[in-house]
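Only one structure is covered here, and it is reproduced in the block below.
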Amino acid sequence: MYTAHPDRYADMPYRRTGRSGLKLPALSLGLWHNFGPDRPVETQRAILRRAFDLGVNHFDLANNYGPPPGAAESALGEALKADFAGYRDELVISTKAGYLMWPGPYGEWGSRKYLLSSLDQSLTRMGLDYVDIFYSHRPDPETPLEETMGALHSAVQQGKALYVGVSNYSPEQTREAARILGELGTPLLIHQPRYSMLARGPEESGLLDTLDELQVGSIVFSPLEQGVLTARYLDGIPEDSRAASDSPFLNSDRLTAELVGRLRSLDEIAKGRGQTLAQLALAWVLRGGRVTSALVGASSPQQIEDSVAATRNLDFDADELARIDAIIKQ
């Protein structure tokens, strides 16, 4: 029988999400990879338990996470039943709908029919009555935004979600979504964009400025760029790495000699801060408090421990930031 660590909230920073009453840990656990039938069940449960013991009380999913799609939600459902039944009210659990889940015209995108039926399926897989956050995973170019946001509002009205969010929306789409939801009486809580030292779209597009203005929270995915911003590739491509398998999310062609040289320079900055390259990358996206939380994946409890250690030093001086920018932009 699992008993959570009594000091699990002692060290993790928690940040208010926009202007809501919800606080998220600076680091949240994403179940995008590593939670499917190809991974040992006990390893999956050990990752979740270690994360919670370290104050990571937010588990982020989507209907299509696996593989196969739905597997991550089913895995979490089993873990909730086995280990976390008595801790549900301490957990923030989020899921999303937007990508392909089943055949036909109602199996993806942003229609009311798809979003609400997908949420019902997600709740069944996880064995839950509600999720804390339900997202529109991507904007639908053919469905009116009023319908998509209306479906999110309905999820809250039906008691199946406490808060709602969007992911992969542009600043303009985010602003309009917030307006529609505000008129319906269900505020937009949070946006989930991709953001890292190597992928600065939220800065360059003005998305972070828009979220600041709207007082909407942010939780960023791929802050480590699928493992690129770690020590994994500083000396070549390991045979058992994601890049070696030519994953659709990371292939060997991306790891050019030029990029590896930049990674080594960033690693030197990290060492000067007493951090690993991965910890530097996580601290960088969390710097200054503009980002509410950063999503990390893990294939072992040790990886969670290493990521959480990044929260011990989230401050950068001007020289460090300038050196990082010079390396990235060279």
Side-chain angles (χ1 to χ4, degrees), residues 1-9 12 14 17 22-25 27-97 101 115-135 137 155-156 158-165 167 189-190 192 219 221 293 295-305 307-308:
M1 175 69 71
Y2 165 67
T3 301
H5 197 287
D7 295 328
R8 57 191 174 277
Y9 297 113
M12 174 61 66
Y14 294 88
T17 311
L22 186 72
K23 292 183 178 180
L24 293 179
L27 289 179
S28 298
L29 179 62
L31 277 66
W32 184 10
H33 303 298
N34 303 318
F35 285 83
D38 59 335
R39 305 282 179 168
V41 171
E42 189 50 45
T43 300
Q44 297 175 34
R45 288 177 58 188
I47 292 168
L48 293 166
R49 292 192 298 260
R50 189 62 182 135
F52 190 54
D53 282 345
L54 292 170
V56 180
N57 65 337
H58 177 210
F59 301 153
D60 178 80
L61 303 98
N63 56 357
N64 65 325
Y65 287 178
E73 289 179 333
S74 296
L76 180 64
E78 292 300 315
L80 292 174
K81 184 166 54 177
D83 296 325
F84 296 97
Y87 301 103
R88 174 63 183 100
D89 292 337
E90 294 185 41
L91 294 171
V92 176
I93 298 173
S94 58
T95 196
K96 317 175 196 70
M101 279 299 289
L115 290 174
L116 294 179
S117 59
S118 178
L119 178 56
D120 284 341
Q121 292 180 26
S122 292
L123 292 174
T124 297
R125 283 190 287 267
M126 291 186 284
L128 295 175
D129 296 324
Y130 71 95
V131 291
D132 297 276
I133 309 170
F134 181 49
Y135 290 86
H137 205 166
V156 173
Q158 294 168 7
K160 297 176 181 178
L162 300 185
Y163 301 92
V164 298
S167 181
L189 174 80
I190 196 166
Q192 186 173 137
I219 180 168
F221 70 88
S293 184
L295 281 164
V296 295
S299 59
S300 69
Q302 180 63 49
Q303 285 191 348
I304 282 290
E305 294 170 4
S307 294
V308 168

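As the structure is a prediction and not an experimental result, all values here were calculated from the model. Scope of the values below: all heavy atoms of this structure, side chains included, with no hydrogens, waters or symmetry mates.
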Residues Lys160 and Asp120 bridged, charged N to O under 4.0 Å
yes
Would you check, one step at a time, whether the test side-chain hydrogen bond (donor to acceptor under 3.5 Å, both in side chains) holds for Ser117 with Gln121?
CA-CA 6 Å; Ser117 59; Gln121 292 180 26; 5.0 Å; no
Are side-chain heavy atoms of Asn57 and Pro25 found at a separation under 4.5 Å?
yes
Thinking salt bridges, do Glu78 and Arg45 make one under a 4.0 Å N-O criterion?
no
Nearest atoms (heavy-atom pairs only) where Gly55 meets Met12
O-CG, 3.7 Å
Mind checking whether Val156 and Tyr163 have side chains closer than 4.5 Å, heavy atoms only?
no
Could you please spell out the steps behind the side-chain contact (heavy atoms from CB on, under 4.5 Å) verdict for Val164 and Ile133?
CA-CA 5 Å; Val164 298; Ile133 309 170; 5.9 Å; no
Using modelled atom types and a 3.5 Å cut-off, is there a donor and acceptor pairing between side-chain atoms of Gln44 and backbone atoms of Ala75?
no
Does the side chain of Pro37 reach to within under 4.5 Å of the side chain of Pro67, using non-hydrogen atoms?
no
Measure from NZ or CZ of Arg49 to the centre of the six-membered ring of Phe84, then state whether that distance is under 6.0 Å and the direction lies within 45° of the axis.
no
4.5 Å side-chain heavy-atom contact, Met126 and Val131:
yes
Going by the rule side chain to side chain donor-acceptor pair (under 3.5 Å), which residues pair with Asn63 if we only count those two or more places apart in sequence or in a different chain?
Tyr114, Ser118
Minimal non-hydrogen separation, Arg125 against Ser74, with atom names:
CD-OG, 3.6 Å
With rounding to the nearest 0.5 Å, note down the distance linking CZ in Phe134 to OG in Ser122.
6.5 Å
Should Leu123 and Asp129 be marked as a side-chain contact (heavy atoms from CB on, under 4.5 Å) after you check the CA-CA gap, both sets of side-chain angles, and the distance that decides it?
CA-CA 6 Å; Leu123 292 174; Asp129 296 324; over 6 Å; no
Atom CG in Leu48, atom CZ in Phe35: separation rounded to 0.5 Å?
4.0 Å
Using every non-hydrogen atom in the two residues, find where Arg8 and Tyr14 come nearest and quote the distance to one decimal.
O-OH, 4.1 Å
Do Asp60 and Tyr135 have side-chain atoms, one donor and one acceptor, less than 3.5 Å apart?
no
List in chain and number order the residues that pass ring-ring contact (aromatic ring centres under 6.0 Å, His included) with His58, two or more places apart in sequence or in another chain; answer none if no residue qualifies.
none
Trace of the side-chain contact (heavy atoms from CB on, under 4.5 Å) decision for Lys23 with Thr17:
CA-CA 6 Å; Lys23 292 183 178 180; Thr17 311; 5.8 Å; no
Give the minimum heavy-atom separation between Ala51 and Leu29, together with the two atoms involved.
CB-CD2, 4.1 Å
Return the CG to CG distance between Leu115 and Leu119, rounded to the nearest 0.5 Å.
9.0 Å
Working to the nearest 0.5 angstrom, can you tell me the gap between His33 NE2 and Asp38 CG?
11.0 Å
side-chain contact (heavy atoms from CB on, under 4.5 Å) between Asp83 and Met1, worked out:
CA-CA 7 Å; Asp83 296 325; Met1 175 69 71; over 6 Å; no
Under 6.0 Å between the ring centres of Phe52 and Tyr87?
yes
With the side chain counted from C-beta on, respond yes when Asn64 and Lys96 share a heavy-atom pair under 4.5 Å apart, and no when they do not.
no
Looking at CZ of Phe59 and CG of Leu91, how far apart are the two atoms once the value is rounded to the nearest 0.5 Å?
5.5 Å
Of all the heavy-atom pairs spanning Leu31 and Ala72, show the shortest one and how long it is.
O-CB, 3.5 Å
For Ser293 and Leu24, which heavy atoms make the closest approach, and how far apart are they?
CB-CB, 4.3 Å
Hey, are Tyr130 and Gln158 close enough side-chain-wise for a donor-acceptor pair under 3.5 Å?
no
When you check the gap from the basic side-chain N to the acidic O, do Asp132 and Arg88 get nearer than 4.0 Å?
yes
What's the spacing between Glu305 CD and Asp53 CG if we round to 0.5 Å?
9.5 Å
Within the structure provided, determine whether Val296 and Val56 are in side-chain contact (heavy-atom separation under 4.5 Å).
no
Report yes if some heavy atom in the side chain of Ser28 is under 4.5 Å from a heavy atom in the side chain of Ile219; otherwise report no.
yes
